[in-house]
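Heads up: the structure comes next, in structure tokens.
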Amino acid sequence: MIYYYMDWTLDYLREMLPCALLAAAGFFVLLPVRKKRLARLGLLSRRRREGALFLFVLFCGGLMALTLFPAGFWGTLLDGRLPERGWFAWRGGGMELRLTLLEDAAQGGAWTRFLLLGNALMFVPIGFFPALLWRRGRWWKSALAAGGASLLIELWQLFIDRSSDINDLILNTLGGLLGFWLYWLLARLLPDRIGRFQVEEQHGRETGNSGPAA
């Protein structure tokens, strides 16, 4: 049974790959622009932060592939076939507003629980990385980022014949909150290491100031 879920997980990762690679290309194209902007502000972004930011950009690209395209779109292209579904297909029923989370978790099978868990975990990086990479991270900012992104995705999916309901919105928001609390825990356990993932003020040879970085 575990191999069944592993196969599905690998399929999802495969679907994410094309847009993740495009996001990676955009990251490196814009890297000189970002570096110049930080220099104008008197800031430095070290390799550790750049590496984490790169992972976040890859994830965002992959998330777009999974949520903003018709189901199976990229997997079909990678198999050398054209998608059978058209791009736009209005789903006249609208968004499902009936809250069924507890019912689905209690009465649904293993596959239903796998999807519920996946919907939450998929948005953990949306709550974790912004708090890690930018200053003044707050739980409500992570919740707003995850909830706002999820709402836009759910509304967009109305036009591409995808499932769109309030349960996904709630699970995605909870995933963003989980991501922030993961950051909060690491910040309490490893404050010095976590602080290295944020930008630093230029000092020393860059500015002539021999004092320590802020």
Side-chain angles (χ1 to χ4, degrees), residues 2 5-6 8-10 12-17 19-21 23-24 26-28 30-31 34-35 37-39 41-67 101 105 113-153 167-204 206 211-214:
I2 189 172
Y5 294 113
M6 288 178 62
W8 272 100
T9 301
L10 290 175
Y12 284 132
L13 292 175
R14 183 169 176 258
E15 288 269 345
M16 296 171 74
L17 185 61
C19 286
L21 292 177
F27 176 87
F28 288 110
L30 295 175
L31 182 59
R34 289 196 306 105
K35 289 289 187 180
R37 180 177 179 275
L38 288 173
L41 296 173
L43 300 173
L44 291 173
S45 182
R46 303 288 186 182
R47 289 183 180 180
R48 188 183 301 245
R49 181 178 186 273
E50 289 298 309
L53 181 59
F54 179 68
L55 290 178
F56 184 47
V57 169
L58 284 181
F59 169 78
C60 289
L63 182 63
M64 291 176 61
L66 286 180
T67 58
L101 276 180
R113 297 189 186 98
F114 173 75
L115 292 179
L116 293 176
L117 180 63
N119 267 325
L121 294 181
M122 184 169 59
F123 271 68
V124 167
I126 300 295
F128 176 77
F129 279 104
L132 176 71
L133 297 171
W134 288 279
R135 299 178 181 181
R136 294 183 291 276
R138 297 290 186 272
W139 68 267
W140 59 268
K141 292 182 180 179
S142 292
L144 186 62
S150 179
L151 179 60
L152 291 175
I153 288 170
N167 299 296
D168 289 348
L169 177 61
I170 294 172
L171 286 168
N172 294 160
T173 304
L174 289 176
L177 280 171
L178 179 61
F180 173 81
W181 294 121
L182 176 61
Y183 157 78
W184 181 88
L185 178 62
L186 292 176
R188 294 301 179 276
L189 295 175
L190 304 167
D192 292 337
R193 293 182 179 272
I194 292 298
R196 297 175 187 173
F197 286 95
Q198 297 190 349
V199 293
E200 303 173 10
E201 293 185 6
Q202 292 183 352
H203 66 292
E206 293 91 354

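Throughout, residue positions are numbered sequentially from 1 according to the sequence presented. Remember, predicted model here, so these are calculated numbers, not experimental data.
Not counting sequence neighbours, F123 has no partner by the ring-ring contact (aromatic ring centres under 6.0 Å, His included) test.
The closest donor-acceptor contact from the side chain of R49 to the backbone of L133 lies under 3.5 Å. A donor-acceptor pair under 3.5 Å links the side-chain atoms of T173 to the main chain of L169, judged by distance alone. A donor-acceptor contact shorter than 3.5 Å links the side chain of N172 to the backbone of N119. Between the R34 side chain and the F27 main chain, no donor and acceptor come within less than 3.5 Å of each other.
Going from atom CG of D168 over to atom CD1 of I153 covers 9.5 Å, rounded to the nearest 0.5 Å. Interatomic distance, S150 OG to I170 CD1, rounded to the nearest 0.5 Å: 9.5 Å. If you take CG on L121 and OG1 on T9, they are separated by 10.0 Å, rounding to the nearest 0.5 Å.
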_From CA spacing to verdict: side-chain contact (heavy atoms from CB on, under 4.5 Å), M16, L13_ = CA-CA 5 Å; M16 296 171 74; L13 292 175; 4.0 Å; yes

_For a side-chain contact (heavy atoms from CB on, under 4.5 Å) check, start with the C-alpha distance between L30 and R37, then their side-chain angles and the critical distance, and finish with the verdict._
CA-CA 11 Å; L30 295 175; R37 180 177 179 275; over 6 Å; no

*asked:* Please determine whether side-chain contact (heavy atoms from CB on, under 4.5 Å) holds for the pair L132 and Q198, giving the CA-CA distance in whole Å, both sets of side-chain angles, and the decisive distance to 0.1 Å.
replied: CA-CA 7 Å; L132 176 71; Q198 297 190 349; over 6 Å; no

*Any chance you could lay out the side-chain contact (heavy atoms from CB on, under 4.5 Å) test for E15 and L17, step after step, and finish with the verdict?*
CA-CA 6 Å; E15 288 269 345; L17 185 61; over 6 Å; no

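Figure legend: R48 and F197 shown as a cation-pi pair, the cationic atom lying under 6.0 angstrom from the six-membered ring centre and within 45 degrees of its axis.
Between W134 and F56, the ring planes are perpendicular. Angles over 60° get that label, and only those under 30° would be called parallel.
The environment of W181 atom CH2 is dense: over 12 non-hydrogen atoms of other residues, nucleotides or ligands sit within 6.0 angstrom. Counted within 6.0 Å of CZ on R14, heavy atoms from surrounding residues, nucleotides or ligands total more than 12; the atom is thus considered enclosed. Atom CZ of R196 has more than 12 neighbouring heavy atoms from other residues, nucleotides or ligands inside a 6.0 Å radius. A 6.0 Å sphere centred on CZ of R136 holds no more than 12 heavy atoms belonging to other residues, nucleotides or ligands.
When side chains are defined from C-beta on, F59 counts as touching L63, because their heavy atoms get closer than 4.5 Å. Residues L31 and K35 are in side-chain contact: their nearest non-hydrogen atoms beyond the backbone lie under 4.5 Å apart. Using a 4.5 Å heavy-atom cutoff, the side chains of I194 and Y183 are in contact. Within the 4.5 Å cutoff, side-chain heavy atoms of F128 are placed close to those of L186. No side-chain heavy atom of L44 sits less than 4.5 Å from a side-chain heavy atom of V199.
For the salt bridge (Lys or Arg N to Asp or Glu O under 4.0 Å) condition, no pair includes a residue of residues 175-186, sequence neighbours left out.
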